[in-house]
J.: 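Have a look at this one before I ask anything.
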Amino acid sequence: MLGQGLAHYACDPAHTRGRRHAEAPAPTRTDYQRDRDRIVHSSAFRRLVYKTQVFLNHEGDLFRTRLTHSLEVAQLGRSIARSLCINEDLVEAISLAHDLGHTPFGHAGQDALNGCMQAHGGFEHNLQSLRVVDQLEERYPDYDGINLSFETREGVLKHCSQANALRLEAAEPDGVGGRFLRKEQPSLEAQLCNLADEIAYNAHDIDDGVRSGLITLAQLAEVELFDRYRRVAEAEHPHLVGAAMERRLLYETIRRMLSAQVYDVIDATRAALADAAPRSVADVRRAPALVGFSAPMRAQSSELKRFLFKNLYRHPQVVETTGRAQRVVTGLFAAYVSEPGEMKPRFTRQAMEGEPSVRARAVADFIAGMTDRFAAREHERLTGLRLLG
């Protein structure tokens, strides 16, 4: 074991690969703790409170947003990391940063912006999250971005195409794009954040879906992972029957479902670690993915995801609303490409610097940084159409 109870295969802040701009160490915090603090104080992090998870901001005060989702991912990630003796601070930093580049209006906004950017390299929110922490935040006098450690930046970039990885590698040799070219795994901490993200959104989307009235407990009876723990909850708490107790039953079922998934990840990952026997972070990178569900839990989680896709994400009410949200994004893109002076001065300057792809990327950066309500207001200002809220 290393310091602070870390396993040999955990990321140790004393051995970080460092920052792109060298800085003296902090006297009271590790590098990963500094990363977490910089993320929490960033403008992009605060904007997440008004960015869609599934339901748009104006549709209700208690639905999850990108901010509350990120907090739930961090909570789950830290709980699992502690049991696996990997670095909790790094897990928290990655979890809090993983959605910083997400557009307004959730995946609908991302899809719309990606469509607008097809002739200019496309748009992907993981890559945009890296762009936010490396370039778009303006908080320090001597460099752009917030200068996070390599390990946090690597965890933020969960997915990357070959073309984008080549561009990243050209700009930063042996940087965060390199592992995609070498077909290596990221750190255990990054692998864990990816799975904690999935566990969190499956659980809270059930909660929000039932709260919205778009899915029901009766429908969820067809999902084994949910229904098993609903039946256990009812058996142990017979008074949780009837409409008046439905919300308590829902919470108790989700709580049990979450606990089962967490324990499954811990057990399955410990078994994978025992088989692979990594002695270092380098060994982890060369091994197959080590953090994961058992095969039965993976099958049940996949069934739940299919249920949510069919019954919630593709519900006619959600599709109608997100369709209007996509019209907002495409309308904004067209307006700003035509009149870049309508953007904030920083993005206007970037848009006027050169070729069409430079202008388009400046517009994409500006739109991606918007909250739901700012995007809707801007679209109404520029087009005279009120499509949302």
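Both backbone and side-chain heavy atoms feed into the values below; hydrogens, waters and symmetry mates do not.
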J.: Do Arg381 and Glu378 sit within salt-bridge range, that is, some charged N less than 4.0 Å from a carboxylate O?
T.: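 Yes, Arg381 and Glu378 are salt-bridged.
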J.: Check step by step if salt bridge (charged side-chain N to carboxylate O under 4.0 Å, His left out) holds for Asp144 and Arg131.
T.: CA-CA 10 Å; Asp144 292 332; Arg131 190 169 168 81; over 6 Å; no
J.: Indicate whether the side chain of Glu189 and that of Asn87 have a donor and an acceptor atom separated by less than 3.5 Å.
T.: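 On atom types as modelled, these side chains do not qualify, holding no pair under 3.5 Å.
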J.: Do the charged groups of Lys51 and Asp99 touch, with an N to O distance under 4.0 Å?
T.: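 No.
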J.: Out of curiosity, does Ile86 fall in the hydrophobic cluster containing Ile80 (side-chain heavy atoms, cut-off under 4.5 Å, transitive links)?
T.: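 Looking at the clustering, Ile86 is in the same group as Ile80.
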J.: Among Ser259, Ser294, Ser301, which residue satisfies the side-chain hydrogen bond (donor to acceptor under 3.5 Å, both in side chains) criterion with Asp264?
T.: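 Testing each of Ser259, Ser294, Ser301 against Asp264, the sole residue satisfying side-chain hydrogen bond (donor to acceptor under 3.5 Å, both in side chains) is Ser294.
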J.: Answer yes or no: is there a donor N or O on one side and an acceptor on the other, between the side chain of Asp12 and the main chain of Leu6, under 3.5 Å?
T.: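 Absent.
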J.: Between Arg231 and Asp227 (salt bridge meaning N to carboxylate O under 4.0 Å), is one present in this structure?
T.: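 Looking at Asp227 together with Arg231, the answer is yes, because their closest N to O distance falls below 4.0 Å.
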J.: Salt bridge check: are Glu320 and Arg324 linked by an N-O gap of less than 4.0 Å?
T.: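 Salt bridge flag = yes for Arg324 with Glu320.
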J.: Would you say the side chain of Leu273 lies within less than 4.5 Å of the side chain of Leu188, judging by non-hydrogen atoms?
T.: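 Heavy-atom side-chain distance check passes, below 4.5 Å.
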J.: What I'd like to find out is whether the side chain of Asp205 reaches to under 4.5 Å of the side chain of Lys305, using heavy atoms alone.
T.: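 Not in contact.
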J.: Between Asn147 and Glu23, is there a side-chain donor-acceptor contact under 3.5 Å, judged purely by atom types and distance?
T.: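 Yes.
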J.: Between Glu137 and Arg38, does any side-chain N to carboxylate O distance fall below 4.0 Å?
T.: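 Here Glu137 does not pair with Arg38 in a salt bridge, since their nearest N and O are not under 4.0 Å apart.
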J.: Distance from Gln128 atom CD to Asn114 atom CG, nearest 0.5 Å?
T.: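 Separation between the atoms: 11.5 Å.
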J.: Is any NZ, NE, NH1 or NH2 atom of the basic residue among Arg349 and Glu353 found under 4.0 Å from an Asp or Glu carboxylate oxygen of the other?
T.: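 Between Glu353 and Arg349 there is no salt bridge, as every charged N stays at least 4.0 Å from the carboxylate O atoms.
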J.: Would you give the length of the straight line joining atom CG of Leu127 to atom NE2 of His159, rounded to the nearest 0.5 angstrom?
T.: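 It comes to 12.0 Å.
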J.: Heavy-atom count around Arg270 CZ within 6.0 Å, excluding the residue itself: above 12?
T.: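 Correct, the count exceeds 12.
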J.: Is there a chain of hydrophobic side chains (I, L, V, M, F, W, Y, each step under 4.5 Å between heavy atoms) that links Leu220 to Tyr251?
T.: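 Different hydrophobic clusters.
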J.: Tell me the closest heavy-atom pair linking Pro104 and Ala368, and the distance in Å.
T.: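 Scanning both residues completely, I find the closest heavy atoms to be CD-O, 3.9 Å.
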J.: For Tyr140, is the OH atom crowded, meaning more than 12 foreign heavy atoms sit under 6.0 Å from it?
T.: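 Yes, because the 6.0 Å sphere around OH of Tyr140 holds more than 12 heavy atoms from other groups.
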J.: Taking Tyr336 as the starting point, is it possible to reach Met352 by hopping between hydrophobic residues whose side chains are less than 4.5 Å apart?
T.: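 No, because Met352 and Tyr336 fall into different hydrophobic clusters, even though each may have its own neighbours under 4.5 Å.
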J.: Less than 4.5 Å apart, any side-chain heavy atom of Arg153 and any of Glu172?
T.: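 Side-chain contact under 4.5 Å: yes.
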J.: Which atoms form the tightest heavy-atom contact between Cys193 and Ser95, and what is the distance?
T.: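 So the minimum-distance heavy-atom pair works out to SG-OG, 3.4 Å.
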J.: Hey, are His98 and Asn194 close enough side-chain-wise for a donor-acceptor pair under 3.5 Å?
T.: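 There is no such pair (donor and acceptor under 3.5 Å, judged by atom type) between the side chains of Asn194 and His98.
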J.: For a 4.5 angstrom cut-off between non-hydrogen side-chain atoms, does Phe180 reach Gln162?
T.: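 Of all side-chain heavy-atom pairs linking Gln162 with Phe180, none is under 4.5 Å.
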J.: What is the distance from atom CG of Leu148 to atom OG1 of Thr16, rounded to the nearest 0.5 Å?
T.: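 Answer rounded to 0.5 Å: 10.5 Å.
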J.: CZ of Arg78: more than 12 outside heavy atoms within 6.0 angstrom?
T.: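 Yes - once you tally the heavy atoms of other residues, nucleotides and ligands closer than 6.0 Å, there are more than 12.
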J.: Which value, rounded to the nearest 0.5 Å, describes the distance between Thr330 atom OG1 and His379 atom NE2?
T.: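 It is 6.5 Å, given to the nearest 0.5 Å.
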J.: Grab the two heavy atoms, one from Ala165 and one from Cys160, that are nearest each other, plus how far apart they are.
T.: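 Heavy-atom minimum between the residues: N-SG, 3.4 Å.
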J.: What about Leu157 and Leu96, same hydrophobic cluster or not, with Ile/Leu/Val/Met/Phe/Trp/Tyr joined at side-chain heavy-atom distances under 4.5 Å?
T.: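 Linked, Leu157 and Leu96 end up in one cluster.
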J.: Report yes if the side chains of Leu217 and Phe226 come closer than 4.5 Å at any heavy-atom pair, otherwise no.
T.: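 Yes, at least one pair of side-chain atoms sits under 4.5 Å.
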J.: Would you compute the distance between atom SG of Cys11 and atom CD1 of Ile94 and round it to the nearest 0.5 angstrom?
T.: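 Rounded to the nearest 0.5 Å, the SG-CD1 separation comes to 7.5 Å.
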J.: If you define the side chain from C-beta out and look only at heavy atoms, does anything of Thr52 sit under 4.5 Å from Thr322?
T.: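 With C-beta onward as the side chain, the pair stays apart.
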J.: For residues Ala97 and Ile39, report the shortest heavy-atom separation together with the two atoms involved.
T.: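 Taking every non-hydrogen atom into account, CB-CD1, 3.6 Å.
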J.: Going by an N to O cut-off under 4.0 Å, is there a salt bridge joining Asp35 and Arg19?
T.: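 Looking at Asp35 and Arg19, the cut-off is met.
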J.: How long is the gap from CD on Glu252 to CG on Leu249, to the nearest 0.5 Å?
T.: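 Spacing of CD (Glu252) from CG (Leu249) equals 8.5 Å.
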J.: Can you name the nearest heavy-atom pair linking Val156 to Leu130, along with the distance?
T.: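 Looking at all heavy atoms of both residues, the shortest contact is CG1-N, 3.8 Å.
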J.: Could you pull out the closest heavy-atom pair between Leu312 and Val318, with the gap in Å?
T.: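 For Leu312 and Val318, the tightest heavy-atom pair comes out as O-CG2, 3.4 Å.
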J.: Would Lys310 and Glu222 pass as an ion pair if we require N to O under 4.0 Å?
T.: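 Judged by the 4.0 Å cut-off on N to carboxylate O distance, Lys310 and Glu222 do not form a salt bridge.
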J.: Salt bridge or not for Glu154 and Arg17, using N-O below 4.0 Å?
T.: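 Looking at Arg17 together with Glu154, the answer is no, because their closest N to O distance does not fall below 4.0 Å.
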J.: Inspect the surroundings of CZ in Arg46 and state if more than 12 heavy atoms from other residues, nucleotides or ligands are less than 6.0 Å away.
T.: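 Atom CZ in Arg46 is crowded, with more than 12 foreign heavy atoms closer than 6.0 Å.
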J.: Looking at Asp207 and Arg247, is there a salt bridge between them, counting it only when a charged N and a carboxylate O are closer than 4.0 Å?
T.: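 A salt bridge is present here (some side-chain N lies under 4.0 Å from a carboxylate O).
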